[in-house]
Amino acid sequence: MAFELTDANFQQEVLEKKGITLIDFWAEWCGPCRAIAPTIEELSNEYKGQVLVAKVDVDTNADLSMKYDVRSIPTLLILKDGVVVEKVVGGKSKAALKKLIDTHLVPA
């Protein structure tokens with residue numbers, strides 16, 4: 001299951017840790033967000049132990065939404081060692097998301 005990130009735990013769970021994080025900025029009322037949710041859950045299971053797959057509810061975490069300039073949802077961010085390396089606005093296929101994640105999992 002995707003990890004729930006909040007304004008309160010983001011620093012500790014993402015910025016202070018090494019590795020890859022995939023963050024789904026979403027809202028309960030957002031149809032495309034609900035459509036991509038099963039894919040996010042699948043990625044969470046498939047990359048368990050390799051990638052932190054997390055969700056941020058934009059309605060309850062406005063600070064994070066503003067910090068990362070989230071203007072449309074769903075917005076997906078991939079962070080490596082706390083730095084944004086990819087930003088995807090709108091839905092993407094599972095294969096496309098896996099390709100993006102795998103690109104950043106490969107050691108530089």
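Here the structure is a predicted model, which means the values were calculated and not measured. Atom set for the values below is all heavy atoms of this structure, side chains included, hydrogens, waters and symmetry mates excluded.
- Side chains of Val88 and Leu100 form a contact here, defined as non-hydrogen atoms less than 4.5 Å apart.
- Looking at Glu41 and Lys55, their side chains come closer than 4.5 Å, going by heavy atoms from C-beta outward.
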Handout entry: Pair Tyr68-Val84, side-chain contact (heavy atoms from CB on, under 4.5 Å): steps then yes or no
Key = CA-CA 9 Å; Tyr68 289 99; Val84 176; 3.5 Å; yes
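- Hydrophobic clustering (ILVMFWY, side-chain heavy atoms < 4.5 Å, transitive): Val83 and Leu64 are in distinct clusters.
- To the nearest 0.5 Å, the span separating CD1 on Ile101 from CG on Leu22 amounts to 5.0 Å.
- If you take CG on Asp59 and CD1 on Ile73, they are separated by 7.0 Å, rounding to the nearest 0.5 Å.
- A heavy-atom distance below 4.5 Å is found between the side chains of Leu76 and Ile36.
- The side-chain heavy atoms of Leu77 and Phe25, taken from C-beta on, include a pair separated by under 4.5 Å.
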Exercise for the section: Just do the side-chain contact (heavy atoms from CB on, under 4.5 Å) check on Thr6 and Val56 with the steps written out, would you? Expected result: CA-CA 6 Å; Thr6 64; Val56 173; over 6 Å; no
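- Looking at heavy atoms from C-beta onward, Asp69 lies in side-chain contact with Lys87 at the 4.5 angstrom threshold.
- Annotation: the span from Asp24 atom CG to Cys33 atom SG amounts to 6.5 Å, rounded to 0.5 Å.
- Asn61 CG to Trp26 CH2: the interatomic distance, rounded to the nearest 0.5 Å, is 10.0 Å.
- Contact detail for His104 and Ile78: the closest heavy-atom pair is CD2-CG2, 4.2 Å.
- Using modelled atom types, no side-chain atom of Asp57 and backbone atom of Ala27 make a donor-acceptor pair closer than 3.5 Å.
- Classification of Arg34 and Glu28 as a salt-bridged pair fails, no side-chain N sitting under 4.0 Å from a carboxylate O.
- Taking CG of Leu43 as the start and CD of Gln50 as the end, the distance is 11.5 Å to the nearest 0.5 Å.
- Between the side chain of Lys80 and the backbone N or O of Leu105 there is no donor-acceptor pair closer than 3.5 Å.
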Handout entry: Steps toward side-chain contact (heavy atoms from CB on, under 4.5 Å) verdict (Tyr47, Lys98)
Key = CA-CA 9 Å; Tyr47 286 96; Lys98 285 182 74 148; 3.7 Å; yes
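- Using a distance-only test at 3.5 Å, with no hydrogens or angles considered, no donor-acceptor pair links the side chain of Asp102 to the main chain of Lys99.
- Ser44 and Ala2 get closest at one heavy-atom pair: OG-N, 3.5 Å.
- Ile20 and Val14 end up in different hydrophobic clusters when Ile, Leu, Val, Met, Phe, Trp and Tyr side chains are linked at under 4.5 Å.
- Here CG of Leu5 is found 5.5 Å from CD1 of Ile23. Values are rounded to the nearest 0.5 Å.
- Cluster membership for Val85 and Leu52, using ILVMFWY side-chain heavy atoms within less than 4.5 angstrom, is not shared.
- Few gaps surround CD on Glu16; more than 12 heavy atoms of other groups in view lie less than 6.0 Å from it.
- A single hydrophobic cluster is not seen to contain both Leu97 and Phe3; linkage of ILVMFWY side chains at heavy-atom distances under 4.5 Å, directly or through other members, places them apart.
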